[in-house]
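All of these numbers come straight from a predicted model, not from anything done at the bench.
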Amino acid sequence: MANPAVDHMDSVEDEIEAVSNYKPPPEKSIEQILEADKEDESLRKYKEALLGDAKSGNVIVEPDDPRKVIVKKLVLRVLDGPDMELDLTGDLTKLKKQTFVIKEGVSYKIRIDFIVQREIVHGLKYVQKTYRLGVPVDKMTHMVGSYPPKMEIQSYTTPSEDAPAGVVARGSYTVQSLFTDDDDNEHLKWEWSFDIKKDWK
């Protein structure tokens with residue numbers, strides 16, 4: 001009989017290997033992107049639509065913040081349950097005291113809201129490591145993609161996952177989240193926690 005824990009760890013290792021084998025494309029400025037293939041009108045219009053605000057110059061949403069990526073919020077979206085939010089703009093150390101309660105076996109997604117300013121960011125990644133009693137029990141890496149600077153908040157939502165179920169799965173978990181990119185820039189790193197319970201209460 002297959003051991004699901006071992007199978008899951010194998011899939012995690014495969015995922016890590018696949019991510020580590022990925023070679024990012026060379027960075028290009030907005031001007032270089034617009035100049036390339038400019039004789040192809042349909043491609044030019046597509047790129048201009050994709051770049052939006054960026055094609056008109058430097059997009060700066062929060063001038064006092066020098067970062068290219070400002071992560072604003074994490075939203076835990078649960079099927080048949082309330083959305084739960086983490087504000088990532090304040091004191092991140094306080095997030096450990098804010099614990100989500102998740103009903104066992106429920107399907108959920110994680111949405112990250114962020115701002116990209118100043119220049120295009122290539123190969124954004126969301127990495128999440130989950131621990132129970134200090135022991136790693138899960139790791140997932142999501143390729144978020146490349147994003148142009150925009151005045152509006154942009155979002156990425158992970159595919160659906162099912163929370164573990166059963167007596168053994170119930171308890172407290174700690175999560176280390178990292179928003180990074182192809183160049184290993186650490187845009188934001190934070191910790192949060194959740195409890196898996198038999199019911200929402």
- Item | Check: Asp91 side chain, Thr93 main-chain N or O, donor-acceptor pair, under 3.5 Å | yes
- Note on the structure: Note: Tyr108 and Asp162 closest approach over all heavy atoms is CE2-C, 4.0 Å
- Please tell me if the side chains of Lys73 and Ser155 come closer than 4.5 Å, counting only heavy atoms from C-beta onward. no
- Message: So, taking the atom named CD in Gln128 and the one named CD in Glu161, what distance separates them when rounded to the nearest 0.5 Å?
- Response: 8.0 Å
- Message: What I'd like to find out is whether the side chain of Leu76 reaches to under 4.5 Å of the side chain of Phe194, using heavy atoms alone.
- Response: no
- Message: Please determine whether residues Ile153 and Val75 belong to a single hydrophobic cluster, defined as Ile, Leu, Val, Met, Phe, Trp and Tyr linked transitively by side-chain heavy-atom distances below 4.5 Å.
- Response: no
- Task: Taking the side chain as every heavy atom from C-beta outward, state whether Val175 and Phe100 have any atom pair closer than 4.5 Å.
- Result: no
- Which residues pass the salt bridge (charged side-chain N to carboxylate O under 4.0 Å, His left out) test with Asp184, sequence neighbours left out? none
- Do Tyr173 and Ile102 touch side chain to side chain, with heavy atoms closer than 4.5 Å? no
- Closest approach of Ile196 to Ala169 (non-hydrogen atoms, all atoms of both residues): CB-O, 3.9 Å
- Message: Quick check on Arg111: does its CZ atom have over 12 non-hydrogen neighbours (other residues, nucleotides or ligands) under 6.0 Å away?
- Response: yes
- Note on the structure: Here the pair of heavy atoms bringing Val71 nearest to Thr89 is O-CG2, 4.4 Å
- Task: Report the residues that fulfil salt bridge (charged side-chain N to carboxylate O under 4.0 Å, His left out) with Arg132, sequence neighbours left out, ordered by chain and then residue number.
- Result: none
- Note on the structure: The reported gap from CG in Leu79 to OG in Ser160 (rounded to nearest 0.5 angstrom) is 7.5 Å
- Query: If we only count heavy atoms from C-beta on, is the Leu124 to Ser146 side-chain gap below 4.5 Å?
  - Reply: no
- Is it possible for you to say whether Val69 and Val127 belong to one hydrophobic cluster, with membership spreading through side-chain heavy-atom contacts below 4.5 Å? no
- Item | Leu86 with Tyr131, same ILVMFWY side-chain cluster at under 4.5 Å | no
- Message: Is there a path of hydrophobic side-chain contacts, each under 4.5 Å between heavy atoms of I/L/V/M/F/W/Y residues, joining Tyr126 to Val137?
- Response: yes
- With side chains defined as the heavy atoms from C-beta onward, is the minimum distance between Lys103 and Asp199 less than 4.5 Å? yes
- Reference residue Glu104; test side-chain hydrogen bond (donor to acceptor under 3.5 Å, both in side chains); the match among Arg170, Lys197, Lys198: Arg170
- Query: Under a 4.5 Å cut-off applied to non-hydrogen side-chain atoms, are His122 and Asp181 in contact?
  - Reply: no
- Item | Residues which pass ring-ring contact (aromatic ring centres under 6.0 Å, His included) with Phe114, listed by chain and number, not counting sequence neighbours | Tyr147, Phe179
- Message: Show the nearest heavy-atom pair for residues Glu191 and Leu95, with the distance to one decimal.
- Response: O-CB, 3.4 Å
- Note on the structure: What one should report as the nearest heavy-atom pair of Pro148 and Gln154 is O-NE2, 3.0 Å
- Message: Using modelled atom types and a 3.5 Å cut-off, is there a donor and acceptor pairing between side-chain atoms of Thr158 and backbone atoms of Ile110?
- Response: yes
- Note on the structure: Taking every heavy atom of Ile115 against every heavy atom of Lys150, the minimum-distance pair comes out as CG2-O, 4.5 Å
- Could you walk me through whether Asn185 and Val121 pass the side chain to side chain contact (heavy atoms under 4.5 Å, CB included) check? CA-CA 10 Å; Asn185 295 311; Val121 178; over 6 Å; no
- Joint hydrophobic cluster, Leu188 plus Met140, side-chain heavy atoms closer than 4.5 Å: yes
- Got Arg67 and His187 here, is their nearest side-chain heavy-atom distance under 4.5 Å? no
- Query: When rounded to the nearest 0.5 angstrom, what is the spacing between NZ in Lys189 and OG1 in Thr180?
  - Reply: 10.0 Å
- Task: Nearest 0.5 Å please: distance from the CH2 atom of Trp190 over to the CG atom of Leu178.
- Result: 7.5 Å
